[in-house]
A.B. asks: 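Sharing a structure, written as structure tokens. Questions coming.
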Amino acid sequence: MTTLVAIQGDGWSVIGCDSRASDDDGRFMELATSKIINNNGVLIAVSGASRGGNITQFGWKPPKPRVAEDLDVFMTKKFIPSMRKAFQDAGFEGKEDGDAAFHDSNLLVSIRGVIYPIFSDYSWDREARNIYYSGSGGDVALGALEALNYRKVNTPEAAEKIIRRAIEAACKHDIYSGGEIHTYVQEA
């Protein structure tokens, strides 16, 4: 259980997270490693099953896009298939006969300052409001972003401040979120 929050700016992105891991019974631990890491120039934030984070953050080297490569095409044709192969090789993918492949993690990935939420079915979508959230505290954080008027944020520094406040609100109202808050900035 987690709170992840991200804001997509013009040529930059900021992703923030709490640092508590917990199970469905409410037992928790304060993580020694962040839920967001920089892996080969890619920011990767994970909610859901920790195993997906273990693999994407420490057991795999993501491909890098070429300088002029279309990022949407890169994510669809190179990044996600490479990540899926890493999941398969680690035995972290589920698939029943006739069903689509799936995994138990949700990811917020930032490449060149562009955020891609990667869902459990390996799909991604772009958010028109330029805000992203995930985890058990995500809904509380989204409400806080709205109350804090995230639409006026136009710098990475302002985004970090509002993301911290949104995650603080989630930590107060979501039993599965807590601990130290981390933020990461990535520019294009």
Side-chain angles (χ1 to χ4, degrees), residues 2-21 29-95 100-127 130-135 138 155-157 159-160 163-164 167 179-188:
T2 293
T3 301
L4 299 178
V5 179
I7 295 177
Q8 172 74 63
D10 184 16
W12 55 265
S13 65
V14 179
I15 304 176
C17 66
D18 71 317
S19 59
R20 177 172 288 172
M29 60 191 266
E30 300 298 332
L31 296 174
T33 57
S34 179
K35 295 175 185 179
I36 306 169
I37 66 130
N38 184 332
N39 184 349
N40 199 30
V42 178
L43 290 180
I44 301 172
V46 181
S47 67
S50 294
R51 184 69 178 136
N54 299 150
I55 296 164
T56 57
Q57 295 175 335
F58 304 107
W60 166 69
K61 184 176 178 181
K64 283 186 151 183
R66 292 185 317 275
V67 174
E69 190 167 6
D70 180 291
L71 288 179
D72 292 350
V73 173
F74 168 79
M75 288 300 291
T76 303
K77 291 187 169 186
K78 294 179 184 170
F79 186 94
I80 292 173
S82 176
M83 182 185 80
R84 181 175 179 207
K85 182 172 181 344
F87 282 178
Q88 288 170 327
D89 291 349
F92 182 62
E93 183 180 85
K95 183 173 182 345
F102 67 92
H103 59 90
D104 289 332
S105 296
N106 288 308
L107 297 92
L108 295 179
V109 172
S110 181
I111 298 178
R112 291 189 189 150
V114 178
I115 298 171
Y116 289 88
I118 301 175
F119 305 107
S120 61
D121 66 353
Y122 298 101
S123 66
W124 63 268
D125 287 302
R126 184 92 62 238
E127 165 59 66
N130 293 325
I131 55 172
Y132 299 88
Y133 58 98
S134 186
T155 67
E157 296 79 19
E160 278 188 288
I163 284 172
R164 282 187 172 280
I167 295 172
E180 190 175 345
I181 296 170
H182 302 277
T183 59
Y184 296 79
V185 176
Q186 187 180 64
E187 307 228 356

A.B. asks: Restricting to non-hydrogen atoms, name the atom on Ser105 and the atom on Gly52 that form the minimum distance, rounded to 0.1 Å.
C.D. replies: OG-CA, 3.3 Å
A.B. asks: How about Glu69 and Val67: do any of their side-chain heavy atoms sit closer than 4.5 Å?
C.D. replies: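 Heavy-atom side-chain distance check fails, nothing below 4.5 Å.
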A.B. asks: With a 4.5 Å limit on heavy-atom distance, are the side chains of Gln57 and Thr33 in contact?
C.D. replies: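 The answer is no; the side chains never approach within 4.5 Å.
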A.B. asks: Any chance you could measure Ile115, atom CD1, to Gln8, atom CD, to the nearest 0.5 Å?
C.D. replies: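 If I round to the nearest 0.5 Å, the distance is 4.5 Å.
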A.B. asks: How many angstroms lie between OG in Ser123 and CD1 in Ile80, if you round to the nearest 0.5 Å?
C.D. replies: 7.5 Å
A.B. asks: Within the structure provided, determine whether Tyr184 and Ile37 are in side-chain contact (heavy-atom separation under 4.5 Å).
C.D. replies: no
A.B. asks: Return yes if a side-chain donor-acceptor contact under 3.5 Å exists between Ser13 and Tyr132, otherwise no.
C.D. replies: no
A.B. asks: Do Arg20 and Met29 have side chains that approach each other closer than 4.5 Å (heavy atoms only, starting at C-beta)?
C.D. replies: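 They are not in contact (no side-chain heavy atoms under 4.5 Å apart), so the answer is no.
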A.B. asks: Write down the atom of Pro156, the atom of Glu187, and the distance for their closest heavy-atom approach.
C.D. replies: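 Looking at all heavy atoms of both residues, the shortest contact is CG-OE2, 4.1 Å.
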A.B. asks: So which atom in Arg112 and which in Leu71 form the shortest heavy-atom distance, rounded to 0.1 Å?
C.D. replies: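 Looks like NH1-CD2, 3.8 Å.
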A.B. asks: If you round to the nearest 0.5 Å, how far is CD1 of Ile7 from OG1 of Thr155?
C.D. replies: 9.5 Å
A.B. asks: Between Tyr116 (side chain) and Leu107 (backbone), is there a donor-acceptor pair under 3.5 Å?
C.D. replies: no
A.B. asks: What's the spacing between Asn54 CG and Phe92 CZ if we round to 0.5 Å?
C.D. replies: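 Here the interatomic distance stands at 8.5 Å.
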A.B. asks: If I compare all heavy atoms of Phe74 with all of Pro63, which pair ends up nearest, and what's the gap?
C.D. replies: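 Scanning both residues, the minimum pair turns out to be CZ-O, 3.3 Å.
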A.B. asks: Do Ile15 and Gln186 come within less than 4.5 Å of each other through their side chains, counting heavy atoms only?
C.D. replies: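 Side-chain contact under 4.5 Å: no.
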A.B. asks: Using a 3.5 Å distance criterion without hydrogens, assess whether the side chain of Thr2 forms a donor-acceptor pair with backbone atoms of Ser47.
C.D. replies: no
A.B. asks: Ignoring hydrogens, what is the shortest heavy-atom contact between Lys35 and Leu31? Give both atom names and the distance.
C.D. replies: CE-CD1, 3.6 Å
A.B. asks: Using modelled atom types and a 3.5 Å cut-off, is there a donor and acceptor pairing between side-chain atoms of Asn40 and backbone atoms of Lys64?
C.D. replies: no
A.B. asks: Do Met83 and Tyr122 have side chains that get closer than 4.5 Å, going by heavy atoms?
C.D. replies: yes
A.B. asks: Side chains of Val109 and Trp124: closer than 4.5 Å at any heavy-atom pair?
C.D. replies: no
A.B. asks: Taking all non-hydrogen atoms of both residues into account, name the closest pair between Ile36 and His182 and its distance.
C.D. replies: CD1-O, 4.4 Å
A.B. asks: What is the distance from atom CZ of Arg51 to atom OG1 of Thr56, rounded to the nearest 0.5 Å?
C.D. replies: 10.0 Å
A.B. asks: Between atom CD1 of Ile163 and atom OG1 of Thr183, what is the distance when rounded to the nearest 0.5 Å?
C.D. replies: 7.5 Å
